[in-house]
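Worksheet: one structure, shown below.
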Amino acid sequence: MNAPLFSPDDPKLTAYALGELDEPERSAVEAQLREDPAARATVEGIRATAKQLEQALATEPMPATSPVRRPAPRRSSKLLQFPRFYYVTATLAAACVAVLVVIRQPEAPEARMKFVEPEPVSVMMSVDTSVAPTATKDAVDLPQFAARTMTAPTVAEGVANEMKKEHTMMQPPAAAVAPPPLRDASTITYGRMVESRGRAEAEYQSGAVAKQRLHKSVALAMRERSEVDLKSNTEAYAYQAESGFMDAAQNPLSTFSIDVDTASYANVRRFLNQGRRPPVDAVRIEELVNYFPYHYAAPAASDRDADGASPLAVAMEVASAPWAPEHRLVRIGLKGREVTMAARPAANLVFLLDVSGSMNQPNKLPLVKESMRLLIGKLRPEDRVAIVTYAGNSGLALPSTAVRQAAEILAAIAELSPGGSTNGAMGIHLAYDVAKANFISGGINRVILCTDGDFNVGVTSQGELTRLIGEKAKSGVFLTVLGFGMGNYKDSMLEQLADKGNGAYGYIDTKREAEKMLVEQVNGTLVTIAKDVKIQVEFNPAKVAGYRLIGYENRRLAKEDFNNDAVDAGEIGAGHTVTALYEIVSAGTQVPVAGAVDELKYQRVQPGTARGAPESASGELLTVKIRYKEPAGEQSLKREYPLNDAGLGFAAASSDYKLAAAVAGFGMILRDSPFKGTTTLADVTAWAQAGLGDDAGGYRSEFVRLVKQAETIQP
Amino acid sequence: MPTDHPTGRETQDNEDATFLERTFMEQQAPLTRYAAKLLNDPDRARDVVQDTFVRLMQQSRAAVAGHTVEWLFTVCRHRALDILRKEGRMKRFEEGEVERVAAEDPRPGRAIEAAETQAAILALIGRLPANQQEVVRLKFQNGFSYKEISRITELSVTNVGFIIHTAVARLRTELAAQRP
């Protein structure tokens, strides 16, 4: 008997069994097989297996749903490196910043801070000069969504650092994908983009019938399957570390950029209404707090000093922190000047719409169209609207058209349909070009980007896209980013675009939300009344042992940034409010610090005498300093507002204060914050009900319902 | 949607449209399934597939005649890998990762006794290394020949043969081991 001619491990047998061999090889193998029964059995086995594989693979579902989770997120060890990030929160009108300070009783403040904040600075430059307040009208900004902008010199570093901390949350059985890491921002190649854009435009010009038809087929096919995809989840959220208490003696200054974004609240609401707890990193407490309108007084005409009338008013309040009654909670509220519809400047709006396949879900493109119709209804006849779409190719769906020709605009909206993959960069070029071509000097010039953030195909990495937006922002055209949809919503991506684009960022999950942003608060959304708004709080160590800023984790600035006009900060829109809360530990009380810092080897810091003895002469708790620029201004103005603590209890606080505290408490629970103490959702409900006030718009009652909804969901 | 500017190519366009539409209807689902496996993301897969068809529209029919399907898979694969590369996600497919990250679901191995044979086979395929999975799917799911797979994946024909052989041998052994 012959030895086997084939090893069972010979790939040639497999190839033969699968019919992959050509003559004469096939005949040769066949001849050998006649002599080799073992090999023949192997061939039969392979064929049987192949058949099984074919049958099994044929049953595999068309859109893959196998969950793949990204491995453990990379966390930056530097949780709070202050200078890493400068954002300008561009928002609409009024901002209210509330600071809550919690004070505990006696003990020496020897605890060290968990994070290093800037050393005390004794001298602040106070050079703000003169920017005519009339410039205000020129600026266009969106209120209510917060926009952040990074500062030029440190943008790359800031973004890179931010991305390091990127963290992806998963909802089983869905998979989350973190956004792509940023490349060095310097890799942008403008030339290439221009080239692609040229190509895209050429393609658009030739607008073949075939393409349209194909897109329709695609749309149809997509629609059938879109529901299946709801199961998969690739939403991405950037990791946010929560900051701990700071020692007031060592770090008497706390500096941050305002944030009037509200996207996080709408997104959290969407999760809870679906019966799920939101991922921790989707919860940005300041955005929850800022979602609600507060009744802070608008700047009075009499509120003027050498710099002229202020576009901002500050409303502060202090009482005991409901979740830690031994602490004080300070609310700093900012409110922007109101601008009436008639008084606002003319608008030149360019909608930049994502019409890629991923937008084809009921809560995406159809809601975008609905939102656009709502906004058009709030514009004046001389305002102009253009529509740029981007998918595999970018196109001008509607040239800039006066709103008096509303029929044309509405027809263009009606014709929008999803199709093609996403190429954000080409669309961005085209949109800004259209905006610049129709630039209204002194008017509202704004690109409104509507997307699920899934910029997945095209010439750019995320870093290139954000850099591109940063370039475009220099043209004086502001940006509004509206996020839609769910499932592959790229929160961190959109927030960054808004940061870079002098923009604001909002999330629209329902028609009601669209009405809030685009109808009720349309002037706030469109009209910027102040930009680069920064807040610096100086605590009096004689009164304050430690403090903690609640939220604003990714808005913090170095103390030096406050007076540095090159550092961007947030914009505020007409009539909008911004609220910030500080939890304060009273002087003489132990500050709950997470990790103590080693004793310094070369310096001896006397507790309580660092940088000189506490100035006990002043009875003030703290001083809030606000710095902002007029919308068209380059130099910032500064205003200061001291605060005294009358020692009120929580029960005696205003309803605005109680609601803000309740919302912050809710956020801490959702984030499972170590500072929440024993707070329960029932507590939050009680505080919120005490803070209902007149509840214009019903947002506060909705919050109470949402908290109850959260109670029914297991963490 | 943009208004069209009719051109002299319009008649040609209409003929192409029929061809494109048919190709699309036939190939869109298999392509999406393939891309979804590469990307682990059905949404992105859909976008990639649409982009692939957009590219197909830009080709003259002559250029793809006779190997349209292979052409589609090749382009689709390039697009998908572009994305993975850009996002630095190639490492998602590193050895063992798929099992680790999917661990929240019942382990494939445990489900096997009770599951249908086909589900069991799919589970086994799902545990092959990523390159074997891809080639196995191209061969047994999409019906490409070694040569076509070689052109799509830029592997040599010999290499394709070896990968398929290795995968089939492993699956054969594992399936045999599962039989009672």
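Convention: sequence-line order gives letters A, B, ...; per-chain numbering from 1. Because only heavy atoms are used, hydrogens play no part in the values below, and waters and symmetry mates are left out as well, while side chains stay in.
Checked against side-chain hydrogen bond (donor to acceptor under 3.5 Å, both in side chains), His78(B) has the following partners two or more places apart in sequence or in another chain: Glu154(B). Under the side-chain hydrogen bond (donor to acceptor under 3.5 Å, both in side chains) criterion, Lys147(B) pairs with Asp22(A), sequence neighbours left out.
Heavy-atom distances place no part of Val157(B) under 4.5 Å from chain A, backbone and side chain included. Residue Glu20(A) touches chain B through its side chain alone, counting heavy-atom pairs closer than 4.5 Å. Using a 4.5 Å cut-off between heavy atoms, Ile125(B) touches chain A through its side chain atoms alone. Of the two parts of Leu18(A), the backbone and the side chain both hold a non-hydrogen atom closer than 4.5 Å to a non-hydrogen atom of chain B.
The two residues Leu122(B) and Ala56(A) have their closest heavy-atom pair at CD2-O, 3.5 Å. Across Gly161(B) and Pro11(A), no two heavy atoms sit closer than the pair O-CB, 4.3 Å.
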Would you check, one step at a time, whether the test side chain to side chain contact (heavy atoms under 4.5 Å, CB included) holds for Thr14(A) with Tyr146(B)? CA-CA 11 Å; Thr14(A) 305; Tyr146(B) 283 15; 3.9 Å; yes
Before giving the answer on side chain to side chain contact (heavy atoms under 4.5 Å, CB included), spell out for Gln52(A) and Leu171(B) the whole-Å C-alpha distance, their side-chain angles and the decisive distance to 0.1 Å. CA-CA 10 Å; Gln52(A) 284 181 303; Leu171(B) 292 170; over 6 Å; no
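Listed options Ala50(A), Ala48(A), Ala17(A) were ranked by heavy-atom pairs under 4.5 angstrom with chain B; first place goes to Ala50(A).
Separation of atoms CG (Leu124(B)) and CG (Leu53(A)) is listed at 9.5 Å; rounding is to 0.5 Å.
Side-chain atoms of Gln141(B) come within 3.5 Å of backbone N or O of Leu57(A) as a donor-acceptor pair.
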